[in-house]
Asks: 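So that we are looking at the same thing, I have put the structure below in structure tokens.
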Amino acid sequence: MSGEQAAQDSGANDGEALAVWDVVVIGAGPAGATAAHAAAVTGRRVLLLEKSELPRYKTCGGGIIGSSRDALPPGFELPLRDRVHAVTFSLNGKLTRTKRSRQMLFGLINRPEFDNALVEAACEAGAELRTGVTVSRVEQHGPGVPDRRTVAVVLNGSGGPAGKGVEETVYARAVVGADGSASRIGAHVGVKLDQVDLGLEVEIPVPTSVAEDWAGRVLIDWGPLPGSYGWVFPKGDSLTVGVISARGDGSATKRYLDDFIARLGLAGFEPSVSSGHLTRCRADDSPLSRGRVLVCGDAAGLLEPWTREGISYALRSGRLAGEWAVRIAESHDAVDARRQALNYTFAVKAGLGVEMGVGRRMLTLFERRPGMLHAVLTTFPPAWRAFAGITRGKSSLAELVRTHPLARKALEAVDRA
């Protein structure tokens, strides 16, 4: 459905009908595609905007844990590259130990395939996709906004009806910002961040003999920098190898990646992709909405602070954003729109926010005592079972703290310190 076909409301200065979408979603990653799907399945007019052409590469390990799987659109088939049944843990390359499970712990995907499949699901639900468009800003007041129920989304150099390099404006009753960790929509909303980390990653094609050695098994290495860790995720004929640590010393993070690759015996293979990415966690008091604009996923700073896992947070917050954007689109005044936006904020904080709080405390513990955490995970069976339960989606960090006295006492000790 085109924007012209969606025209209903008058308000253009020349008296012509003004095309207004119910929901415009900015960014077609997991958060945005899920938001678009959630809004489109209600029968609303939904426009999904993406600045890149799809599929496109994203720096990401590509682990799909149980909470991610459970948040996928109904009937969605995961394009899995591998199924993980074993995890090898190491402490900066030492004290290596492998833990195995008869049940699958989590799946591994390539982000271009996964993201594209989510976008296709959103389009099948009724959303319209436009790629190659950059959103320069959103406006909720001023001469470019026809009424108080409308948000103006200004596109820059989209090559659309206005022509290449010329600004174009689309209108919506509600907007969802899902445009990544350097979000312009997040800046509009006023998202505040209190943790920024640097992730570096390479995709390494490997011969069959090497791929077979890694099949069904991942490596997690607790690194030499405070709060850092590395990973190896097998994807068939290639390995995704990466590290992450607090932003501030990029050269040290790069050395960790180089050393990590070398001691794994992978330095002789030429990477097909080498990339970097900043992950950003929101502050507790950071807003998630402004007027008729919501943010979700990385644009809202929603990810698990300890592991920096973001896919499940993107999918879950995206679905909530899409559902509440529909309610905001139906609101006929600012008071009701504000009420619906606050309900969205409450839903996010009650679930993802609680998990993030526990994750921050876990990160503090990990930064201070990585060796203790490694020993507990590899030698204490209840800890391994808890880890497996979280990866399968049977539990969460917050549930772990609520139900396991030892975990609760450990975090209380961190709080006191």
Side-chain angles (χ1 to χ4, degrees), residues 55 57-66 68-69 72 76-117 199-223 228-244 254 256-277 307-309 311-312 374 377-379 381 384-385 387-393:
Y57 182 82
K58 285 288 186 179
T59 304
C60 177
I64 300 295
I65 59 177
S68 298
R69 180 201 61 229
L72 292 168
F76 184 87
E77 293 189 13
L78 278 166
L80 291 181
R81 287 303 185 105
D82 206 343
R83 292 169 169 79
V84 176
H85 287 80
V87 181
T88 298
F89 295 99
S90 62
L91 184 62
N92 196 20
K94 303 171 184 175
L95 303 175
T96 302
R97 183 162 184 176
T98 298
K99 305 291 289 184
R100 301 185 183 278
S101 171
R102 292 181 181 178
Q103 295 178 284
M104 186 179 84
L105 296 168
F106 56 94
L108 299 174
I109 52 90
N110 279 336
R111 279 292 301 273
E113 297 172 350
F114 177 67
D115 291 13
N116 203 51
L200 300 176
E201 188 173 81
V202 292
E203 302 287 346
I204 305 179
V206 293
T208 302
S209 59
V210 176
E212 289 175 347
D213 181 55
W214 284 97
R217 177 175 65 94
V218 302
L219 169 64
I220 297 176
D221 177 73
W222 312 118
S228 69
Y229 74 96
W231 62 88
V232 179
F233 285 0
K235 310 283 182 63
D237 58 359
S238 68
L239 301 176
T240 299
V241 183
V243 301
I244 194 164
K254 182 63 167 61
Y256 176 30
L257 177 62
D258 292 341
D259 293 344
F260 186 44
I261 292 171
R263 68 173 180 247
L264 291 169
L266 299 173
F269 301 110
E270 184 68 24
S272 60
V273 178
S274 180
S275 64
H277 180 66
T307 63
R308 291 79 154 187
E309 190 277 322
I311 294 179
S312 74
H374 177 72
L377 269 174
T378 57
T379 64
W384 165 247
R385 288 194 293 269
F387 175 90
I390 291 171
T391 62
R392 294 190 189 113

Asks: Closest heavy-atom contact between Thr379 and Arg97?
Replies: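 The answer is CG2-NH1, 3.6 Å.
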Asks: If you round to the nearest 0.5 Å, how far is OG of Ser68 from CZ of Phe106?
Replies: 11.0 Å
Asks: Report the distance from atom CZ of Phe260 to atom CG of Leu200, rounding to the nearest 0.5 Å.
Replies: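 Phe260 atom CZ to Leu200 atom CG measures 12.5 Å (nearest 0.5 Å).
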Asks: Would you give the length of the straight line joining atom CZ of Arg263 to atom CG of Asn92, rounded to the nearest 0.5 angstrom?
Replies: 5.0 Å
Asks: Would you mind telling me which of Asp221, Thr240, Val218 makes a side-chain contact (heavy atoms from CB on, under 4.5 Å) with Trp231?
Replies: Thr240
Asks: Atom OG in Ser90, atom CG in Leu264: separation rounded to 0.5 Å?
Replies: 8.0 Å
Asks: Using side-chain heavy atoms (C-beta onward) and a distance below 4.5 Å, is Phe387 in contact with Val87?
Replies: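 They are in side-chain contact.
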Asks: I need the Glu201 CD to Thr59 OG1 distance, nearest 0.5 Å.
Replies: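 The OG1 atom of Thr59 is 6.0 Å from CD of Glu201, to the nearest 0.5 Å.
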Asks: Decide side chain to side chain contact (heavy atoms under 4.5 Å, CB included) for Ser228 and Val243; before the verdict, give the C-alpha distance in whole Å, the side-chain angles of both, and the deciding distance to 0.1 Å.
Replies: CA-CA 7 Å; Ser228 69; Val243 301; over 6 Å; no
Asks: Any sub-3.5 Å donor-acceptor pair from Lys99's side-chain atoms to Thr88's backbone N or O?
Replies: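 The answer is no, because no donor-acceptor pair under 3.5 Å joins these two groups.
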Asks: Is there side-chain contact between His85 and Arg217, with heavy atoms separated by less than 4.5 Å?
Replies: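 SC-SC contact between His85 and Arg217 ruled out.
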Asks: Evaluate Val210 against Phe269 for side chain to side chain contact (heavy atoms under 4.5 Å, CB included), listing each step before the verdict.
Replies: CA-CA 11 Å; Val210 176; Phe269 301 110; 4.1 Å; yes
Asks: Considering non-hydrogen atoms only, spot the tightest contact between Gln103 and Arg392 and give its length.
Replies: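 Looks like CB-NE, 3.6 Å.
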Asks: Check the surroundings of atom CZ in Arg100: do more than 12 heavy atoms from other residues, nucleotides or ligands lie under 6.0 Å from it?
Replies: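 At most 12 heavy atoms, drawn from other residues, nucleotides or ligands, come within 6.0 Å of this atom.
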Asks: Indicate yes or no for a side-chain donor-acceptor contact from Ser272 to the backbone of Glu203 under 3.5 Å, with no hydrogens or angles considered.
Replies: yes
Asks: Taking all atoms of both residues into account, what is the closest heavy-atom pair of Ile244 and Arg308, and its distance?
Replies: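 Closest approach of Ile244 to Arg308, heavy atoms only: CD1-CG, 3.6 Å.
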Asks: Go through Ile220 and His374 one step at a time and tell me if the side chain to side chain contact (heavy atoms under 4.5 Å, CB included) criterion holds.
Replies: CA-CA 10 Å; Ile220 297 176; His374 177 72; over 6 Å; no
Asks: Could you tell me which non-hydrogen atom of Ile311 sits nearest to which non-hydrogen atom of Arg111, and how far apart they are?
Replies: CD1-CD, 4.2 Å
Asks: Write down the atom of Ala388, the atom of Leu105, and the distance for their closest heavy-atom approach.
Replies: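 In terms of heavy atoms, the two residues are closest at CB-CD2, 3.7 Å.
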Asks: Which word best sums up how the rings of Trp222 and Phe89 line up, parallel for under 30°, tilted for 30 to 60°, or perpendicular for over 60°?
Replies: parallel
Asks: Would you name the heavy atoms of Gly242 and Leu257 that are closest together and state the gap between them?
Replies: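 Answer, listing the atom of Gly242 first, then Leu257: CA-CD1, 4.2 Å.
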Asks: Check step by step if side chain to side chain contact (heavy atoms under 4.5 Å, CB included) holds for Asp82 and Phe233.
Replies: CA-CA 9 Å; Asp82 206 343; Phe233 285 0; over 6 Å; no
Asks: If I take atom CG from residue Leu95 and atom OG1 from residue Thr378, how far apart are they, to the nearest 0.5 angstrom?
Replies: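 Answer for the CG-OG1 pair, Leu95 versus Thr378, is 8.0 Å.
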